[in-house]
Amino acid sequence: MRHFRKLKKEFISDLTSYVNTYMSLHSAEHTEVFGRAMEAIDECYECTVAASAPAPPAARYEAPMKSSPGHTGGIILPKKQPTFQENLFKLIDERGVRDSAVYKKADIDRRLFSKIRADVDYHPSKPTAIKLCLALALNIKDAERLLETAGYCLSLSDTGDLVVRYCIEHKTYNLIEVNEALYYFNQETL
């Protein structure tokens, strides 16, 4: 791990406020949602106890017969979304950045980066995906889209994710500074 520099007081103060705001909102929402869920369970229980008559038998579902191998029975299937690897290299190409600059800035091994390039179905770890978002200096919308293709998101209820989200929203893409902020909040560094 690289050495940490001292973060600016304004940065830490603003970041702490940001994290506390989201965490308090999450806590209040959680309490409200939990209360509504308990009310719904109580109502459901009362309905099942009150309903003493047996329910009518359910209608039997019959699937439509397929007339041809390509027939989907009128169901329109969504188009397959691009993979993490496809999205990543599209973003690299759009920015006109060299691969070596990206993996060096992301502090990723060249062999791992080559593996990502070679395997369309490669599934990175969340820290690797986040480091690539930072290396490409993505805005929050593009970062979330890239993370989503890898099966991840930046949760609004996780302190580490809030720190990363704050850094991306405030254009703090330096991996050392992001790790310092994560370390400050006792979160696992990237």
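All residue numbers refer to positions in the sequence shown, counting from 1.
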**OP:** Kindly check if the number of other-residue, nucleotide or ligand heavy atoms within 6.0 Å of CD (E148) is above 12?
**Re:** no
Subject >> Test item: N20 side-chain N/O and T16 main-chain N/O as donor-acceptor pair under 3.5 Å >> reply: yes
**OP:** Indicate the atoms forming the closest heavy-atom contact of R165 with L154, along with that distance.
**Re:** NH2-O, 3.1 Å
Subject >> CZ-CD1 distance between R117 and I92, expressed to the nearest 0.5 angstrom >> reply: 6.5 Å
Original post:
So, for T172 and E177, which heavy atoms are closest and what is the spacing to 0.1 Å?
Top reply: CG2-OE1, 3.3 Å
Original post:
Got a donor-acceptor contact below 3.5 angstrom from the Q187 side chain to the F185 backbone?
Top reply: yes
Subject >> Heavy atoms from other residues, nucleotides or ligands near CZ of R95 exceed 12 (cutoff 6.0 Å) >> reply: yes
**OP:** To the nearest 0.5 Å, tell me how far K131 NZ sits from D107 CG.
**Re:** 5.0 Å
**OP:** Look at the side chain of S17 and the backbone N and O of S13, then say whether any donor-acceptor pair between them is shorter than 3.5 Å.
**Re:** no
**OP:** Might you point out which heavy atoms bring I168 and A143 nearest each other, and give the distance in Å?
**Re:** CD1-CB, 4.0 Å
Original post:
Going from CD1 on I140 to NZ on K171, what distance comes out if it is rounded to the nearest 0.5 angstrom?
Top reply: 10.5 Å
Original post:
To the nearest 0.5 Å, what is the distance between NZ (K104) and CZ (R110)?
Top reply: 10.5 Å
Original post:
What about L134 and F89, same hydrophobic cluster or not, with Ile/Leu/Val/Met/Phe/Trp/Tyr joined at side-chain heavy-atom distances under 4.5 Å?
Top reply: no
Subject >> Aromatic centroids of F113 and Y122 separated by under 6.0 Å >> reply: no
**OP:** Please report the shortest heavy-atom distance between L88 and L136, naming the atom on each side.
**Re:** CD1-CD1, 3.7 Å
**OP:** Grab the two heavy atoms, one from Y152 and one from P124, that are nearest each other, plus how far apart they are.
**Re:** OH-O, 2.8 Å
Original post:
Would you call K126 and D161 a salt bridge, taking side-chain N to carboxylate O under 4.0 Å as the test?
Top reply: yes
Subject >> Which residues share a side-chain hydrogen bond (donor to acceptor under 3.5 Å, both in side chains) with S125, sequence neighbours left out >> reply: T128
Subject >> Rounded distance (nearest 0.5 Å) linking atom CD1 of I130 with atom CG of L146 >> reply: 10.5 Å
Original post:
Do V97 and L112 sit in the same hydrophobic cluster, where Ile, Leu, Val, Met, Phe, Trp and Tyr count as joined when their side-chain heavy atoms come under 4.5 Å apart?
Top reply: yes
Original post:
Hey, quick one: are L182 and I108 part of the same hydrophobic cluster, counting side-chain heavy atoms closer than 4.5 Å, chains of contacts allowed?
Top reply: no
Original post:
L132 and side chain to side chain contact (heavy atoms under 4.5 Å, CB included): which partner among L91, V102, L147, L138?
Top reply: V102
**OP:** Could you check Y103 against R111 for side chain to side chain contact (heavy atoms under 4.5 Å, CB included), going step by step and ending with a plain yes or no?
**Re:** CA-CA 10 Å; Y103 68 73; R111 289 174 291 186; over 6 Å; no
Subject >> N186 CG to Y184 OH distance, which is reported to the nearest 0.5 Å >> reply: 9.5 Å
Original post:
Has E94 got more than 12 heavy atoms of other residues, nucleotides or ligands less than 6.0 Å from its CD?
Top reply: yes
Original post:
Between K90 and D93, is there a side-chain N and carboxylate O pair less than 4.0 Å apart?
Top reply: no
Original post:
What are the two closest non-hydrogen atoms of F84 and T149, and how far apart are they?
Top reply: CA-OG1, 3.3 Å
**OP:** May I have the step-by-step check of side chain to side chain contact (heavy atoms under 4.5 Å, CB included) for V120 and E86, ending in yes or no?
**Re:** CA-CA 7 Å; V120 176; E86 293 167 338; 4.0 Å; yes
